[in-house]
Amino acid sequence: MKTIDYDVLGVGIGPFNLSLAAICEEGTDLNVAFFDESPEFRWHPGMLIDRTDLQISFLADLITLANPKSVYTFLNYVHETNRMFPFYFFKEWNIPRKEYEAYCRWVVDQLGNLHFNKRVIEVIPHEDYFTCGIVTVDTGSVNYVTSKHVIVGTGSEPLLPPGIEDNKDQSLIHSSLYTFHADRVKENDSIVVVGSGQSAAEVFYDLLESQKEYNYELSWYTRSPGFFQLEESKLGQEQFTPDYVDYFHQLPFEQRQKTLESLSNLRNGVEGKTLHNIYELLYHRTSINDIPVTIQSSTEIVEAKEDEGGYNLYCKHGQTEEEWNVHAKAVVFATGYKPNIPTFLESMSDELVYEAEGLHKVTRDYRLVFKSERDVNSNLYMLTNLEHSHGTSATNLALSVTRNLEIIQSITEQHSYKTDRSTPFQQF
């Protein structure tokens with residue numbers, strides 16, 4: 001009989017798999033291990049701008065929605081770190097992003113099932129288990145282990161427009177690197193921000209606040225038809241419930257794709273508070289004199305060519321089709337992210353079922369579907385690239401806790417958690 005090293009092996013240690021690690025440690029008897037190639041846990045470090053907040057409630061931490069009595073809750077974190085009274089007087093549901101990362105790192109320090117500096121390079125499916133090759137990043141040594149189940153939580157990676165790449169001198173960057181190079185960017189006399197989401201708005205606002213000190217021209221372009229507010233209504237937020245995921249998942253693939261387009265205002269846009277702060281600062285500045293700021297929608301950056309001392313940005317208006325050039329010394333592209341699909345999944349493509357190119361068929365309980373029949377007690381689960389199968393909640397931190405509970409329930413009945421249903425006020 002084959003010796004199995006783990007019940008569950010997790011690939012990647014972001015908030016999704018970190019939540020799963022904490023839930024497994026506290027409420028199951030599963031033998032689990034999670035691996036990540038990074039030397040330590042970091043959460044979007046390039047976007048931890050001062051005074052930026054998490055876009056969801058602190059209750060959407062790693063475990064509260066599964067077990068509010070857990071030692072790994074955010075409330076226990078502020079208690080253990082002597083911040084309970086400051087947090088009480090803070091009186092906000094949305095906590096600082098830097099504090100959220102600090103909280104996650106605090107949980108990491110308490111768990112014994114996390115392994116950093118380890119990259120999973122190979123996952124070989126057998127009938128009732130998987131063989132996984134793991135390389136130690138700094139030494140190159142490879143070790144092979146076995147696991148009944150594998151859970152892929154490799155997150156996303158920065159997305160730049162076609163033909164545009166990060167520049168080596170850090171004057172053309174993706175927003176994911178912003179705080180690392182913000183000082184260098186601000187030393188230029190003309191800066192362009194590209195994008196219309198929350199990250200673009202936060203970068204633009206940070207640069208706007210520093211503009212008087214550094215005296216640069218500042219522009220903000222997006223190919224979207226406007227700089228619109230994120231849908232934050234209470235009924236709208238009920239799309240981020242397990243009930244809506246149940247409804248969305250059973251729709252035909254084509255209908256799911258259409259539905260995603262219609263719900264774009266739940267996923268794309270800027271918090272009203274951020275837009276208010278930007279407009280307020282612009283108004284106060286212009287009450288004294290004009291400031292060198294350009295804000296323009298329906299403008300696509302088709303190409304960025306490096307020239308002496310900066311970049312020529314080739315622009316095209318999405319409605320009038322007018323074309324023109326803009327010169328900038330520094331450019332920040334806040335153009336979103338794409339799923340980070342590990343190479344071992346790509347090498348497994350002939351064995352998996354797809355709904356469309358690059359889109360795996362995923363069951364309601366997050367299992368990838370194999371063409372050949374497998375043992376029902378050995379599965380490959382997916383936490384990445386799920387919007388096509390599970391809807392707008394795919395990247396939502398709050399619903400990730402429920403997702404992890406559903407995966408645990410799929411793996412074992414020996415756990416101490418329940419999932420809520422029939423909670424929305426509306427019907428889908």
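Not measured: the values here are computed from a predicted model.
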| task | Name all residues meeting the side-chain hydrogen bond (donor to acceptor under 3.5 Å, both in side chains) criterion together with K316; count only those two or more places apart in sequence or in a different chain, and write none if there are none. | result | none
| said: I want to check something: taking the side chain as every heavy atom from C-beta on, are N277 and L281 in contact at a cut-off of under 4.5 Å? | reply: no
| request: Using a 4.5 Å cut-off on heavy atoms from C-beta on, say whether the side chain of R97 contacts that of E202. | output: yes
Taking distance alone, no hydrogens or angles, what donor-acceptor pairs closer than 3.5 Å link side-chain atoms of residues 8-15 to residues at least two apart or in another chain?
none

| said: Check for me whether the distance between the ring centres of W106 and Y72 falls short of 6.0 Å. | reply: no
| query | Does any pair with a residue in residues 264-288 pass ring pair (Phe, Tyr, Trp, His ring centres under 6.0 Å), and if so which ones, sequence neighbours excluded? | reply | none
| message | Can you list everything that forms a side-chain hydrogen bond (donor to acceptor under 3.5 Å, both in side chains) with E101? Sequence neighbours excluded, please. | response | R42
| message | Just to verify, what does N17 make a side-chain hydrogen bond (donor to acceptor under 3.5 Å, both in side chains) with, not counting sequence neighbours? | response | none
Under 3.5 Å, side-chain donor or acceptor atoms of residues 77-88 against the rest of the protein: list the pairs with distances, not counting sequence neighbours.
from: T81; atom 1: OG1; to: Y77; atom 2: O; distance (Å): 2.7
from: R83; atom 1: NE; to: E99; atom 2: OE2; distance (Å): 2.8
from: R83; atom 1: NH2; to: E99; atom 2: OE2; distance (Å): 3.0

| request: Apply salt bridge (charged side-chain N to carboxylate O under 4.0 Å, His left out) to E37 and list each qualifying residue two or more places apart in sequence or on a separate chain. | output: R119
| query | Within a reach of under 6.0 Å around NZ of K371, are more than 12 heavy atoms found that belong to other residues, nucleotides or ligands? | reply | yes
| request: Kindly write out the residues that satisfy salt bridge (charged side-chain N to carboxylate O under 4.0 Å, His left out) with E213, not counting sequence neighbours, or none if the list is empty. | output: none
| request: Check whether any side-chain heavy atom of L230 lies under 4.5 Å from a side-chain heavy atom of V270, and answer yes or no. | output: no
| task | Only counting residues at least two apart or in another chain, list the ones meeting salt bridge (charged side-chain N to carboxylate O under 4.0 Å, His left out) with D7. | result | none
| Mind checking what makes side-chain hydrogen bond (donor to acceptor under 3.5 Å, both in side chains) contact with E323, not counting sequence neighbours? | none
| request: Tell me, with the steps shown, if K98 and D50 meet salt bridge (Lys or Arg N to Asp or Glu O under 4.0 Å). | output: CA-CA 8 Å; K98 288 184 177 180; D50 288 341; 2.4 Å; yes
Side-chain polar contacts of residues 333-341 - donor-acceptor pairs under 3.5 angstrom, sequence neighbours left out - could you list them?
from: T335; atom 1: OG1; to: L159; atom 2: O; distance (Å): 2.6
from: N340; atom 1: ND2; to: T154; atom 2: O; distance (Å): 3.3

Table please: side-chain donor-acceptor pairs of residues 186-197 below 3.5 Å, with sequence neighbours left out.
from: K186; atom 1: NZ; to: D206; atom 2: OD2; distance (Å): 3.1
from: K186; atom 1: NZ; to: S210; atom 2: OG; distance (Å): 3.1
from: N188; atom 1: ND2; to: R184; atom 2: O; distance (Å): 3.2
from: N188; atom 1: ND2; to: V185; atom 2: O; distance (Å): 3.1
from: D189; atom 1: OD2; to: K329; atom 2: NZ; distance (Å): 3.4
from: S190; atom 1: OG; to: K329; atom 2: N; distance (Å): 3.0
from: S196; atom 1: OG; to: T222; atom 2: OG1; distance (Å): 3.3
from: S196; atom 1: OG; to: S224; atom 2: OG; distance (Å): 3.2

| request: Please report the C-alpha distance between E209 and R51 in whole Å, then the side-chain angles of each, then the deciding distance to 0.1 Å, and finally whether the salt bridge (Lys or Arg N to Asp or Glu O under 4.0 Å) criterion is met. | output: CA-CA 12 Å; E209 287 189 303; R51 292 179 288 108; 3.1 Å; yes
